[in-house]
Amino acid sequence: MPNEITRISELKNNVDQIRTIGGWVYHSRPGGKVIFLVVRDGSGLCQCVIEKEKISEELFAQLKKLGTESSLTITGLVKKDDRSVGGYELAVSDAKVLCESVDYPITPKQHGIDFLQKNRHLHLRSQTPWCIGKIRHTLVNAIRQFFNDNGFTLIDTPILTGIIGEEAGSLFNVDYFGDTAFMTQTGQLHLECAALSYGKVYCFGPTFRAEKSKTRRHLTEFWMVEPEVAFIDLPGLLEIAENFVSFIVQKVLRDNRAELETLGANIAALEKITPPFYRLTYTQASEILTSKKTQDFLANQLNEFKAAKQEIENKIVALETEAKDAVKQWRQDKIASELIDLRSELAELETKIENNPKHAKLAAEFQWGKDLGGSDETIISLMHDKPIFVTHYPREAKAFYMKQDDENPKVVRNFDMLAPLGFGEIIGGSMREDSLDNLMDKIKEHGYKLENYQWYLDLRRYGSVPHGGFGLGVERTLAWLTGEKHIRQCIAFPRMMDKILL
RNA sequence: UCCCCGAUAGCUCAAUCGGUAGAGCGAGCGGCUGUUAACCGCUAGGUCGUAGGUUCGAAUCCUACUCGGGGAGCCA
């Protein structure tokens, strides 16, 4: 059977031929003597036109009642038709129903996120998750291609680990034959070993954080790619990072323009993503946060939110008034559905209006020495149209392995990369401490047991060299590229705090 | 751990001052040969998250709890 099936994406090469496609009912518009059946097969959508005289009465009756997501093979003449979704349609001569779906839960109307999450196994068939999945595929390929083509060697680091990368308490514990092991939260420490063997390496896999974060930027299981390079300095790392991010963005723009358009992504903004990116030190960033410019920026943003809120409220009142007078039923219905959209937009704006002063306060009261908060990063990000590197954070706010700056011992040679236009952090990285004495001091300062780190310390005993690397979060990057508000849409089966549904 | 918001039909949401539950979609039946979230007519569908309280009367007010959403901290 597979040889007889033509994929919908290939129909354009089969015009005026009889072909059979295999797929699922995406949408059905039955009429008295004609049925418009939109079928999806994973490669695209095709409208199948079924005229009553062309097929048997029994088959016509069966197709007429076919529910959403019923599976079938369907045969007919391929015709080019601009009225049809995808541009091609099938003038049906035969069909075979494989499975009749009754009461498919996901309907063409809106659904809430809770409902869709509970039906994630079916929701994957819908347009938005499908498009995001296609872009994810391109993104993952582009990530591998960039490193493979630039002399990096892939190293698979362990998922079960006995050593901790950063702070404890945010890791998942696993019983390991009576001992405690952890689900990895970074491949970095192991990757450093490999960097001193191969020079340039990367790892790419799932990683786990038990942080109790309920936000649109957090998952407890996510995918991260981490390059690690020997004989490099911080400017060199930034250069790799900006070339890398520019490369993957261009790749997605080239291969997934249609999906980006369907998702409503900001393509014009993505086209600007070329080196060089902006470079700020942490100190400069903190000065920006506490500046009058930022307070004005936020105050201005608040006014824009309020104006938008007023506008929506006016629209709601106007529609409600019209609804009282509107005689025609169809107009009443239209108004009702517009009102629902407007009210949810209004609720979102109200949240923004509520958060804006809190964020303004956090920014204004920012003190040198603290780590940048999520809202601080958002503010810096909003003020730029290209990614921003923030470098040289205070030593106290960062992990023990980050290399102390020679000129200013209060800071480390690290960087975060913030995606622009309000998205926030997608990369964190640093030079690693390569002095044995300094590293031992840091481990002790953090209260860790030196004996757990002997193999890591050996890297500083035998042929230590300046080295560094970074980690890029796949789901965060995908959310930025696609314009998705929440990263749970950016992985097929998201794991979130207190939630493993399926 | 803390702060804010929410829970009404299978789904998305209404219900004015506290006065006894409504619409669309979906489902079922009928009609329609070019529809694009089609349209038209009819039908079925509810212990208003749970437990208390105030009241002549509670979806509406109060308290607690459960579940969900957003945010802080932390982070990719």
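Everything numeric in this text was worked out from a predicted model, so none of it was measured. Scope of the values below: all heavy atoms of this structure, side chains included, with no hydrogens, waters or symmetry mates. Convention: sequence-line order gives letters A, B, ...; per-chain numbering from 1.
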Heavy-atom side-chain contact between Thr207(A) and Phe222(A) under 4.5 Å: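 Sidechains of Phe222(A) and Thr207(A): in contact.
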
With heavy-atom distances below 4.5 Å as the criterion, would you say the side chains of Phe146(A) and Asn243(A) are in contact?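 Phe146(A) vs Asn243(A): side chains touch.
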
Across all strands, who's sitting opposite rA72(B) as a Watson-Crick or G-U wobble pair, both distances under 3.5 Å? rU1(B)

Is there a Watson-Crick or G-U wobble partner for rC39(B) with both distances under 3.5 Å, and if so, which one is it?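 By the stated definition (distances under 3.5 Å), rG31(B) pairs with rC39(B).
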
Please pick, from [options], the nucleotide with the shortest atom-to-atom distance to any side-chain atom of [X].
X         : options                   : value
Glu53(A)  : rG71(B), rU35(B), rU33(B) : rU33(B)
Glu89(A)  : rG34(B), rU12(B), rG71(B) : rG34(B)
Arg83(A)  : rU36(B), rA76(B), rG70(B) : rU36(B)
Asp81(A)  : rG69(B), rU33(B), rG34(B) : rG34(B)
Thr351(A) : rA76(B), rG68(B), rG70(B) : rG70(B)
Thr215(A) : rG70(B), rC75(B), rG73(B) : rG73(B)

How far, in whole Å, is [M] from [N] if one measures between their [atom1] atoms?
N       : M       : atom1 : answer
rA44(B) : rC29(B) : P     : 15 Å
rA9(B)  : rU60(B) : P     : 15 Å
rG57(B) : rG18(B) : C1'   : 8 Å
rC25(B) : rA37(B) : C1'   : 9 Å
rA23(B) : rU63(B) : C1'   : 34 Å
rC61(B) : rU16(B) : P     : 10 Å

Quick one: label [X] by what it contacts on the DNA or RNA (base, sugar-phosphate, nothing), any heavy atom closer than 4.0 Å.
X         : answer
Gln47(A)  : base
Lys358(A) : nothing
Gly31(A)  : base
Gly32(A)  : base
Lys212(A) : base
Leu219(A) : base
Ser375(A) : sugar-phosphate

What about [X], does its side chain sit under 3.5 Å from the base of [N] through a donor-acceptor pair?
X         : N       : result
Arg29(A)  : rC32(B) : no
Ser213(A) : rC74(B) : yes
His218(A) : rC75(B) : yes
Gln117(A) : rG69(B) : no

Taking the six-membered ring of Phe277(A) (Phe, Tyr or Trp), confirm whether the NZ or CZ of Lys386(A) is under 6.0 Å from its centre and within 45° of its axis.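 Judged by the rule (NZ or CZ under 6.0 Å from the ring centre, within 45° of its axis), Lys386(A) is not positioned above Phe277(A).
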
By centroid distance (under 5.5 Å) and plane angle (under 30°), are Phe222(A) and rA76(B) in a stacked arrangement? yes

Just to confirm, is there a sub-4.0 Å distance from OP1 or OP2 of rA72(B) to any side-chain nitrogen or oxygen of Arg217(A)?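 So the side chain of Arg217(A) is within the cut-off, an N or O lying under 4.0 Å from OP1 or OP2 of rA72(B).
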
Taking the ring of [Y] and the ring of [X], is the distance between their centroids below 6.0 Å?
X         : Y         : result
Tyr448(A) : Phe400(A) : yes
His384(A) : Tyr278(A) : yes
Phe244(A) : Phe147(A) : yes

Kindly give the atom pairs (protein nitrogen or oxygen, nucleotide nitrogen or oxygen) under 3.5 Å for nucleotides 26-31 of chain B.
residue : atom : partner  : partner atom : Å
rC29(B) : OP1  : Lys65(A) : NZ           : 2.9

Does Asn355(A) or Leu472(A) map to a spot on RNA chain B nearer the 5' end, using the closest nucleotide for each?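 Upstream on the strand: Asn355(A).
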
If you assign Asp371(A) and Arg488(A) each to the RNA chain B nucleotide with the nearest heavy atom, which residue ends up on the more 5' nucleotide? Arg488(A)

Begin from the C-alpha positions of Glu69(A) and Arg40(A) and carry the test side-chain contact (heavy atoms from CB on, under 4.5 Å) through to its verdict. CA-CA 9 Å; Glu69(A) 289 301 321; Arg40(A) 59 162 198 90; 2.8 Å; yes

Is Ser101(A) reaching over with its side chain to a backbone N or O of Tyr104(A), donor-acceptor style, under 3.5 angstrom? no

